[in-house]
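Here is the naming used below: chain letters follow the sequence lines, and residue numbers restart at 1 for every chain.
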Amino acid sequence: MLCLGLEGTAHTLGVGVVSSEGKILSHVSRVYRPEKGGIHPREAARFHASQLKSAVKEALEKAGVGLRELDLFSFSAGPGLGPCLRTVATAARALSVLTGKPLVGVNHCVAHVEIGRLLTGAEDPVTLYVSGGNTQVIAFEEGRYRVFGETLDIPVGNCLDVFAREVGLPPPGGPAVEELARRGRRYLPLPYVVKGMDLSFSGPLTEALRRYRQGAALEDLCFSLQETVFAALVEVTERAVAHTEKGEVLLAGGVASNRRLREMLGEMCRARGASLLVPPREFCADNGAMIGWTGLLAYRHGVRQRVEEAVVRQRWRTDEVEVPWRTGRVKTKPSHP
Amino acid sequence: MLIKRGAEAELHLESFAEVLHPLGEGKVVVKHRVPKGYRVKELDLPLREGRTCLEARLLFDAKRAGVLTPPVYEVDRENMRLVMEHVEGRTLKEVLEGMGEGERRRIYRKIGRYLARLHRRGIVHGDLTTSNLLLSPRGELYLVDFGLGEYNPSLEARGVDLHLLRRALQSVHFRVAEEAYREICSAYLREFGREGREVLRRAEEVARRGRYVGREERGALLRNGK
């Protein structure tokens, strides 16, 4: 069975073709880069719309399959930016109607976990999912993917991006901060906010910018910002590992490519006797393959959606998603309203 | 002897004589916040020190508020250790469901009273589970592990505290969870008075919204300190 997955929750338009054996036949990513400032949702959606046709075509060509050979379409139904979600959902519905093949909407956060499990062989990990749009610690418990900890304000990737932008570093901000941080020597104290299992990054961001305006060395600030926010992430992940007694930690999301974060997580895992698993970089970031694969999992375990039901859910929570491929149970009602 | 390894600390059972004074007898519990290799020292040290001191203060204040907690013998800010009395007894988690009905109700009421006393003093425990309630052979109920506790008089923090207790009951003691929560709440109300009603309402609301609140709403909650 072949599925074409469409990802479009934020600045990445991703198209992937995946087989039910878990083989990724192709995946194509087109990334919207704003001229200045952050993502403008409508501009990003316009970008996606303009790229969709050629990206789908390219993905099919790379996979060596024709449109009619596909058995299923899936799309990122949420959570994400409304205009982007709607654009991609519209494309998915059109493809489904055109070919007469079914489609399913997929939860973006769950898809990050599932592609990670597929590619790393992780069975039942605690997942640290960190990107510009999301920051969650996720683990499977009692039939659902539960959120053990999450940000109370901005996502960690957003914290790093905004800092980079405000101090004039070129986009993408995360890698620029990482690069400079390597040359940082002095740790400047920044607010470290862990509330139980939850995190907050607006405090360290504001303070780092304040110190910058006071003339602190940029290298030291990058270093301190990374050390502070990553330590908080690792601490909450460690709490989830201790609580659930799981032996694997999976890292996902765009920030997963940060080497310092990997190093810190690895250190924590070593001390606890857990193993750290990180998918290849291109599948940590948003991509179409993860949507295709999760769509296959859902469809093959009985999740069905009529075209008119295939709408987006901007605030779709991770723990609202039914995961019959892990519980073995399927509700008779469609799981997506 | 290592008895528990949590996320941030290790609990050791040691002899009083060895740890504190050669003339002492019996056992002490040493809670050691271990250094975290993944954190830079400049961050690791003040964090561990702050938390060690905070926990000692919370344990002490809880006792003053009328909640039985293990006495703290020593706060060691060099090694980030708390030395506490070793409470003989078993966790409520182990014994709750084997109890008679009358005894269970006595315990529920006590938990409700404890919680109200903490909250009235501006303390939230942050990790209310039956593993953190110890029953001594003499029938005394001890509340332990204030590692996630804080001074926070907000309605939200109190509601979450209560909600966490309910969740813990549901996941570990589903057979008695409903009766337990009902009794705990009514004792909580009796002890707390009118304000307690608001907390119960907030706890219901927290349960409804699940694990996740829309970002704007959360931001507003944080800003208002509610």
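- If you measure heavy-atom distances from A/A231 to chain B, the contacts under 4.5 Å come from both the backbone and the side chain.
- Around the CZ atom of A/R259, the shell of radius 6.0 Å holds no more than 12 heavy atoms that belong to other residues, nucleotides or ligands.
- Using a 4.5 Å cut-off between non-hydrogen atoms, no part of residues 202-212 of chain A approaches chain B.
- Within the 4.5 angstrom heavy-atom criterion, no atom of A/E263 approaches chain B.
- Annotation for B/E195: atom CD does not count as buried by contact number, only 12 or fewer foreign heavy atoms lying within 6.0 Å.
- Using a 4.5 Å cut-off between heavy atoms, A/R270 does not touch chain B at all.
- Other residues, nucleotides and ligands contribute at most 12 non-hydrogen atoms within 6.0 Å of the CZ atom of B/R197.
- For residues 183-210 of chain A, no residue pair satisfies the ring pair (Phe, Tyr, Trp, His ring centres under 6.0 Å) rule, not counting sequence neighbours.
- For A/E245, the CD atom counts as loosely surrounded, since its 6.0 Å shell holds 12 or fewer non-hydrogen atoms of other residues, nucleotides or ligands.
- Chain B forms more heavy-atom pairs under 4.5 Å with one residue of A/H243, A/M268, A/R260, A/E235 than with any other, namely A/E235.
- Checked against side chain to side chain contact (heavy atoms under 4.5 Å, CB included), B/P71 has the following partners two or more places apart in sequence or in another chain: B/K63, B/Y73, B/E85.
- Interface residues of residues 35-55 of chain B toward chain A, defined by a heavy-atom distance below 4.5 Å and sorted by number: B/K36, B/G37, B/Y38, B/R39, B/V40, B/E42, B/L43, B/L47, B/R51.
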